[in-house]
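Quick one: the structure is below, questions incoming.
Start at 1 and go down the list; that is how both ligands and their atoms are numbered. Since this is a predicted model, take the numbers as computed values, not measurements.
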Amino acid sequence: NQPHKKVKTNETPLEFTVLATHNFARASIMRLPHGEVLTPVYMPVGTKGAMKGVTYSEMDDLGCKLLLANTYHLAYKPGGNLLEKVGGLHNFVNWKHNILTDSGGFQMVSLSQLSEVTEEGVTFESPYDKSTMHLRPEDSIHTQNQIGADIIMALDDVVRTTTVGPRMQEASERTTRWLDRDIAAHKRKHDQNLFPIVQGGIDPKLREQSLNDLIQREANGYAIGGLAGGEDKVDFWKTVAQCTATLPVNKPRYLMGVGYPVDVVVCSCLGVDMFDCVFSTRTARFGTAFTDNGFLKLKNKEAANVFEPIQKGCQCQACKSYTQSYIHYLIAREEVACHLISVHNLNYLIQLMLNLRQSIIDGKLIEFINEFLKKWFKNEG
Ligand code: PRF
Ligand code: ZN
């Protein structure tokens with residue numbers, strides 16, 4: 001297992017080149033220490049240093065160039081020290097392309113009622129063994145430096161999107177104060193990009209304050225956090241639009257936790273460049289596949305009589321080799337069914353982004369959107 005060579009040696013670990021635009025939508029190339037990423041991009045989530053049900057070599061075959069992992073899970077096991085000793089997560093899992101790590105706070109807060117947030121940081125009781133973990137901005141960045149991802153995330157104070165009043169304001173302002181501690185603690189500025197996370201819920205004034213504060217800190221890219229948490233769709237879109245309209249045009253924008261096909265298409269049109277979500281693989285484990293005509297529930301008995309692939313023309317392993325009927329039969333019996341549907345869903349999203357991106361380059365985004373929406377909502381009349 002050779003250590004992976006970094007392909008970029010310039011002093012800045014991120015170069016972002018916009019190739020074409022259509023209104024707010026952009027087709028770009030993001031150059032990172034482990035190679036180029038074409039954006040808009042969907043990033044599959046391998047929470048614990050592994051994809052659920054999909055190997056890294058399969059991710060490579062799907063053309064994935066940027067994967068997501070979580071600091072909290074990796075800090076718990078195998079731990080930052082071990083990962084540092086083997087030369088980082090890339091080496092540990094033998095992944096030669098890019099990795100992004102989330103900072104951990106969001107997972108701690110969303111995974112448990114047993115977490116407490118103070119100005120110092122997040123304290124959390126592990127659901128695994130009841131041990132307590134303290135995660136201050138300094139700890140999150142230290143662990144992320146040890147993990148060695150190409151993009152690392154600021155520790156943010158995340159509250160429910162629908163929270164209003166002083167607690168939302170406190171969370172948003174604390175996120176900025178923690179960012180300054182993150183920046184001070186960050187020891188690998190030459191080869192790891194620290195992305196701040198815009199907070200402020202769905203309140204335009206708080207978002208504006210957060211945007212202004214973070215933009216002043218001049219990062220290589222920015223994330224939009226605190227959304228996709230049960231807020232109204234219109235509030236969601238308005239907030240994304242406000243953020244993309246204000247963030248610098250020459251830097252990548254990452255919308256956290258969004259990966260529903262219609263949402264990634266709409267938000268790409270609003271100027272988002274990066275997405276991540278566990279939805280594609282989670283829904284696959286419940287037997288649901290993404291198709292051009294919307295969701296396909298392979299558990300339904302109708303599938304037993306369909307002797308065609310999940311999606312005609314799809315080049316994934318599942319569609320090239322198997323019928324819906326066979327996958328329907330497998331679901332009740334074998335783990336591999338979830339695996340096949342996961343591979344298909346990941347391939348679907350990766351290809352969706354590539355097609356959308358190409359349509360921006362070809363000046364055909366409108367046609368692409370018309371076609372996508374017409375097919376996606378076909379079954380709903
Ligand atoms: N912050 C962090 N990770 C996240 C989010 C966030 O706001 C979201 C959005 N709900 C998903 N993942 N650090
Ligand atoms: Zn497929």
Exercise for the section: Just the protein N/O/S atoms under 2.8 Å from the Zn ion (ligand 2), please, no waters. Expected result: C314 SG, C316 SG, C319 SG, H344 ND1
Handout entry: Check: H34 and I99 side chains under 4.5 Å, non-hydrogen atoms
Key =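 Answer no - side chains too far apart.
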Exercise for the section: Answer yes or no: is there an ion pair linking K364 with E367, defined by an N-O contact shorter than 4.0 Å? Expected result: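 E367 and K364: not salt-bridged.
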Handout entry: Carboxylate-amine/guanidinium contact R136 D139, below 4.0 Å
Key =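 Judged by the 4.0 Å cut-off on N to carboxylate O distance, R136 and D139 do form a salt bridge.
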Problem - Salt bridge flag under 4.0 Å for residues R177 and D157 - result: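 Not counted as a salt bridge, because no side-chain N and carboxylate O are separated by less than 4.0 Å.
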Exercise for the section: For the pair E302 and K297, find out whether any cationic side-chain nitrogen is under 4.0 Å from an anionic carboxylate oxygen. Expected result: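 No.
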Exercise for the section: Apply the side-chain hydrogen bond (donor to acceptor under 3.5 Å, both in side chains) test between Y254 and each candidate in D276, T39, D273; give the one that qualifies. Expected result: D276
Handout entry: SB check D180 R217 (cutoff 4.0 Å)
Key = yes
Handout entry: Shell of residues surrounding ligand 1, defined by a 4.0 angstrom heavy-atom cut-off that is strict
Key =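 Correct list: D102, S103, F106, D156, V158, I197, Q199, G225, G226, L227, M256, G257.
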Problem - Lys/Arg-Asp/Glu bridge criterion (N-O < 4.0 Å) met for K96, D60 - result: yes
Handout entry: Side-chain donor-acceptor contact under 3.5 Å, H344 with Q317
Key = no
